[in-house]
Amino acid sequence: MHVSVDKLPAPTVAVLGTGVMGAPMARNIAAAGLAVHVWNRTRAKAESLAEAGITVAEDPAAAVRTADIVLTMLTDGPAVEEVMRGIGVSLEGKVWAQTTTVGPEAATRLADLAAERGMAFVDAPVVGTRGPAETGGLKVLAACDADVRDRLVAVFDAIGSETVWLDGGPGAASRLKLVVNNWVLALNTATGETLALARALGVEAQYFLGTVAGGPLDAGYLRAKAEAILEEDFTPDFSVANAAKDARLILDAAEREGIRLDVAEATARRFERAVREGHGGRDMAAAYLASFDGER
């Protein structure tokens, strides 16, 4: 028998990882009226969430013990696996919404871990950065068994403006996320390199932006990243270090499938160089600085 979504009891949610993305996601879930418990490796970064009525747990086990849904938003696949393997309480019957970008290979491995622990696994990476996370405007890409979907509606509606449900089992959503991120990283790199070329040639950036304005060559993302570069405001919405991680996931996936992605390979090298030059914690737009030797 199908149970109406509005008749399902409100779930208790554990959010593991309260960084740039996880903290606002937890706030929005709590604002939707759900009980939320959080854990973060550095507890001090989670303390402010208590003001929103969120319970800050000492360790992952305490966060998930009474939760119906466990949502992970950690650094990468190995971090997610380490945390989830280390939880020493029963996870039987819980739903695991895995929202970190980990790539399809890791998603499949995490799904196997979920099965070992008796959990229903949801491959659910999100599209968006800090701004959409704060406003509940993320796009959730989700792949899971059909009978699990209703249990997730309240949570996904709280963190996102849209949920794209995908068939294909564990990894389906992660595959789509890599395709989306390849486009995002390419746009970011093209913006940074174009503005670097303009600077080197003595061309005012506003002439370039004005020339493409309103036409097919214009893009909202171009405007957003160009503004960050021109104002030298690299407050992280999505960091260079995370972009470098995602670029490597894209290349690993391409290699497994036997295709060459020349632009993606160059983009990955550019992000890695920006990390080496000390820009890893800044917004991904700061990869622009990798065009200039010694630029800080």
Side-chain angles (χ1 to χ4, degrees), residues 11 13-19 21-22 25-26 29 37-41 57 59-61 63-65 67-128 133 138-149 151-152 155-156 159-160 163-181 241-242 245-257:
V13 183
V15 177
L16 305 183
T18 58
M21 299 291 288
M25 290 165 70
I29 295 168
H37 298 211
V38 300
W39 169 82
N40 194 67
R41 199 177 299 273
D59 54 48
V64 307
R65 185 172 284 110
D68 304 295
I69 296 172
V70 179
L71 186 153
T72 47
M73 177 49 84
L74 296 159
T75 306
D76 53 23
V80 173
E81 185 170 0
E82 177 188 5
V83 169
M84 293 300 291
R85 282 196 182 279
I87 293 175
V89 299
S90 174
L91 299 175
E92 188 78 27
K94 301 181 189 295
V95 175
W96 177 5
Q98 203 307 103
T99 66
T100 307
T101 300
V102 299
E105 188 173 31
T108 301
R109 189 166 62 250
L110 295 174
D112 291 341
L113 172 59
E116 291 174 18
R117 301 299 303 266
M119 305 180 80
F121 183 76
V122 189
D123 180 25
V126 295
V127 177
L138 297 169
K139 182 169 288 191
V140 183
L141 311 178
C144 64
D145 292 340
D147 60 356
V148 179
R149 293 182 180 183
R151 299 173 64 183
L152 294 158
V155 175
F156 287 171
I159 66 174
T163 300
V164 179
W165 294 106
L166 299 162
D167 297 322
S174 286
R175 288 191 291 272
L176 174 56
K177 180 62 189 300
L178 290 192
V179 172
V180 172
N181 275 14
N242 277 329
K245 180 262 295 184
D246 287 359
R248 184 51 53 189
L249 288 175
I250 290 165
L251 289 180
D252 289 346
E255 183 177 359
R256 284 194 300 273
E257 299 301 325

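Note that these values count all heavy atoms, side chains included, but never hydrogens, waters or copies made by symmetry. Given the structure is predicted, the values throughout are model-derived calculations rather than measurements. Numbers here are sequence positions counted from 1.
The shortest heavy-atom contact between Met21 and Gly128 is CE-O, 3.4 Å. When all heavy atoms of Ala173 and Leu166 are compared, the pair lying nearest together is CA-CD1, 3.5 Å. Across every non-hydrogen atom of Val155 and Pro11, the tightest pair is CG2-CG, 4.4 Å. The shortest heavy-atom contact between Ala61 and Ile87 is CA-CG2, 4.1 Å. Nearest heavy atoms, Leu16 versus Ala63: CD2-CB, 3.9 Å. Nearest approach of Gly17 to Leu74, heavy atoms of both residues: CA-CD2, 3.7 Å.
No option in Thr100, Val102, Leu141, Leu249 other than Leu141 meets the side-chain contact (heavy atoms from CB on, under 4.5 Å) test with Lys177.
Between the Thr163 side chain and the Val140 main chain, no donor and acceptor come within less than 3.5 Å of each other. A donor-acceptor pair under 3.5 Å is absent between the side-chain atoms of Asp123 and the main chain of Ala143, judged by distance alone. One N or O on the side chain of Thr99 and one on the backbone of Thr72 form a donor-acceptor pair closer than 3.5 Å. Under the 3.5 Å distance criterion, the side-chain polar atoms of Lys139 are left unmatched by any main-chain donor or acceptor of Val164. Side chain of Lys245 to backbone of Thr101: a donor-acceptor contact under 3.5 angstrom is found.
No side-chain heavy atom of Trp96 sits under 4.5 Å from any side-chain heavy atom of Arg117. Side chains of Val80 and Gln98 form a contact here, defined as non-hydrogen atoms less than 4.5 Å apart. Looking at Arg85 and Glu116, their side chains come closer than 4.5 Å, going by heavy atoms from C-beta outward.
Separation of atoms SG (Cys144) and CG (Leu152) is listed at 5.5 Å; rounding is to 0.5 Å. Between atom CD of residue Glu82 and atom CG of residue Asp76 there is a gap of 9.5 Å, rounded to the nearest 0.5 Å. Atom CD1 of Ile29 sits about 5.5 Å away from atom CG of Leu71, to the nearest 0.5 Å.
Relative orientation of the Phe156 and Trp165 rings is tilted, given thresholds of 30° and 60° on the angle between their planes.
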- Task: Step by step, work out the salt bridge (charged side-chain N to carboxylate O under 4.0 Å, His left out) result for Arg149 and Asp167.
- Result: CA-CA 12 Å; Arg149 293 182 180 183; Asp167 297 322; 3.5 Å; yes
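Considering only residues two or more places apart in sequence or on other chains, Trp39 meets the ring pair (Phe, Tyr, Trp, His ring centres under 6.0 Å) condition with none of them.
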Check: residues 103-110 side-chain donor-acceptor pairs under 3.5 Å, at least two apart:
unit_1	atom_1	unit_2	atom_2	d
Glu105	OE1	Arg256	NH1	3.0
Thr108	OG1	Pro104	O	3.1
Arg109	NE	Glu81	OE1	3.0

